[in-house]
Amino acid sequence: MTDVKTPSKLEKILAAGHLAVTSECGPPRGSDPEVITKKAEMIKDHVDAINITDNQTSVTRMCSLASCIHLKQMGLEPVLQMVTRDRNRIALQSDILGAASFDIYNILCLSGDHQSFGDCPQGQNVHDIDSMQLIQTVRHMRDEGKFLGGDDIKRPPQMFVGAAANPFADPFEIRVPRLAKKIAAGVEFIQTQCIYNLDKFEKWMELARDRGLHEKVYILAGLTPLKSAGMAKYMKNRVPGMDVPDDVVKRMADTPKEKQSEEGIKICIESILRLKEVQGVAGFHIMAIEWEEKVPGIVEETGLYPRPTLE
Amino acid sequence: MRLQYPTNIKVVRVPCTGKVDVLYILHSFEKGADGVYLVGCLEGGCHYNSGNLKARKRVEQARKILDTIGIGGERVRMYNLSSSDGPLFAKYATEMDEKIREMGPNPIKLAKKKKAA
Amino acid sequence: MIVADKKPIEEIIEYLKGKQNILILGCNECVTVCEAGGKKEVGVLASALRMYFQNQGEDVKIDEVTLERQCDHEYLEEIRDRVDQYDAVVSLACGVGVQFMAEKYHSTHIYPGVNTCFLGATEERGLWTERCQACGQCILATTGGICPVSRCAKRLLNGPCGGSTTGKCEVKKGDEEIDCGWQLIVDRLQALDRLDEYETLCPVKDWSTDRAGGPRKVIREDLKQ
């Protein structure tokens, strides 16, 4: 796993054995680039790479690719999130080349939320290929230097290929087989769903380790600090595949309202400190939703600052 | 018992209200009925298990259609009673008669009359 | 079978405004089974329309015919000698029947009386559910006999996605609730002691045999005359 295959800074940091730190920024529902650049400005010194979401929750926004280019122009390391919901294989390959032309070196392959949750519930979904097949596609383009159609690519993309994994989703029997399947498809790093149930996550990691999967892929543990008891309850009850244990909800609810956000950050910090010790955790993906300003504090408090520099 | 009930009601006997098709109901209105009601056994007491429940569904279907085409769904009703309950039978007949008188004649008849005039 | 649902009568009335001679044409096949366009539904629609027009004071003749099938030349031929007398035909067949009718009788105005929904099965009376999207390249052999193309809201060939909770898909709620197709596949593979097959990657699919490839044909030279 130590062979570096791309110019990705994220890959290099992981390959050097450092715990990586990534975060994400959601593009605006408008064309103002400053929304992205300001968010990035807040976190840039505390993370190795920044994910840009692709029309998350199926709500139409500025595209991930353009937002990644803005980051690139700031000298930062973007992770291009790409969902298979909105584009067929022509558009996906085309956007991968477009990203590669700006030397974007990381991609996260996702299927994307169903369009019925967004602002265009009457729209079609594409899913010409799925997230596993998108992983295969990027690897094929990069490693074989060929399009899906078989023709050669002039200057193939050089991308470090990632995907999501949810240790908590149903059906449970296939959580680890599904990870193995993504690895077989060619995934190189994983960013997990937000972890609140640490016991269950550790169990999942153990099962992954039993199969040696932690040596085949870098697993970045996903964390989202809770802002309030209401958010904890919402995540628990309304977000599919989200596992927020009762004691976490209770801890938030037992905290006075004005202190809840502070408590949420505390929980996040405690979680990272515990997960740092888990074998197979290669880093952290901190998704502070519209709360980017909290990321530096979390990174500092967990001993993950300063970030390593590469020569 | 010699109970009285309105004489303008034409009774159509069926072995079970489950035999009453939505078409029977619609055709009655086509032929000029002002109202149609079904009298079935008490719910849970059908000798064929669910005939009266099926009838209720068909009454609902007919009501919806009659509302849509401007005849008035209220002209169709479902009643349930025990076969030995004569007084209730008379009471429902009177109630239906009053309801239909309140609504007036089948609008198709009025439309035809208007056209003929 | 092909599952269809009745169109609202109001919509059909809109098509028929100003018409004098109307034929309501049913089909004895799939639409009869799903109670959307068989002889019974023809009778109900015809009766409702007759009453509607009478109530409007209009003289409109409405006839009822139900054919064995509307997707076969021989059965559609049965109305050849009378079809010209109608200025509108409302076909309660699926979209196939409506179109075949339109192709055969060029000068007749044909209107659809049902919405054709999907290829499905009768789970119970009054409940029909989708099973097949006719993609033209059946993969059921690899998925334990449960189709991800038709039963996953994202037609994921390597599912499930994160939207699967306790066996249900997040896309629909309440009465509309649907099973997660991939949960069904996993359960089935497990029951058949074939869960190891789950890890076999389903390759990028050739969708050219699907809708994407344009209107499709099945040609059987061994049968053609």
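The structure presented is a predicted model; accordingly, all values stated were derived computationally and were not measured. Order of the sequence lines fixes the chain letters, A, B, ..., with proteins taken first and strands second; residue numbering starts at 1 for each chain.
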Examine whether an atom of L66(B) lies under 4.5 Å from a heavy atom of chain C, and if so say whether it belongs to the side chain, the backbone or both; otherwise answer neither.
side chain
Chain B/chain C interface donor-acceptor pairs under 3.5 Å:
residue	atom	partner	partner atom	Å
D21(B)	OD2	K40(C)	NZ	2.8
E30(B)	OE1	R50(C)	NE	2.6
E30(B)	OE2	S47(C)	OG	2.6
E30(B)	OE2	R50(C)	NE	3.4
E30(B)	OE2	R50(C)	NH2	3.3
G70(B)	O	N55(C)	ND2	3.3
K115(B)	NZ	D59(C)	OD2	3.0

Using the ring pair (Phe, Tyr, Trp, His ring centres under 6.0 Å) rule, collect all pairs that involve residues 29-70 of chain B, keeping only residues at least two apart or in two chains.
Y37(B)-Y79(B)
How long is the straight-line distance from CD1 of I69(B) back to CG of L49(C), given to the nearest 0.5 Å?
8.0 Å
Tabulate, in ascending numerical order, the residues of residues 82-94 of chain B having at least one heavy atom closer than 4.5 Å to a heavy atom of chain C, or enter 'none'.
none
Minimum-distance pair of heavy atoms, taken over all atoms of G57(C) and A111(B)
N-CB, 4.4 Å
Show every ring pair (Phe, Tyr, Trp, His ring centres under 6.0 Å) that has at least one partner inside residues 24-51 of chain C, sequence neighbours left out.
none
Atom pair CD1 (I108(B)) and CE (M51(C)), whose distance is rounded to the nearest 0.5 Å:
5.5 Å
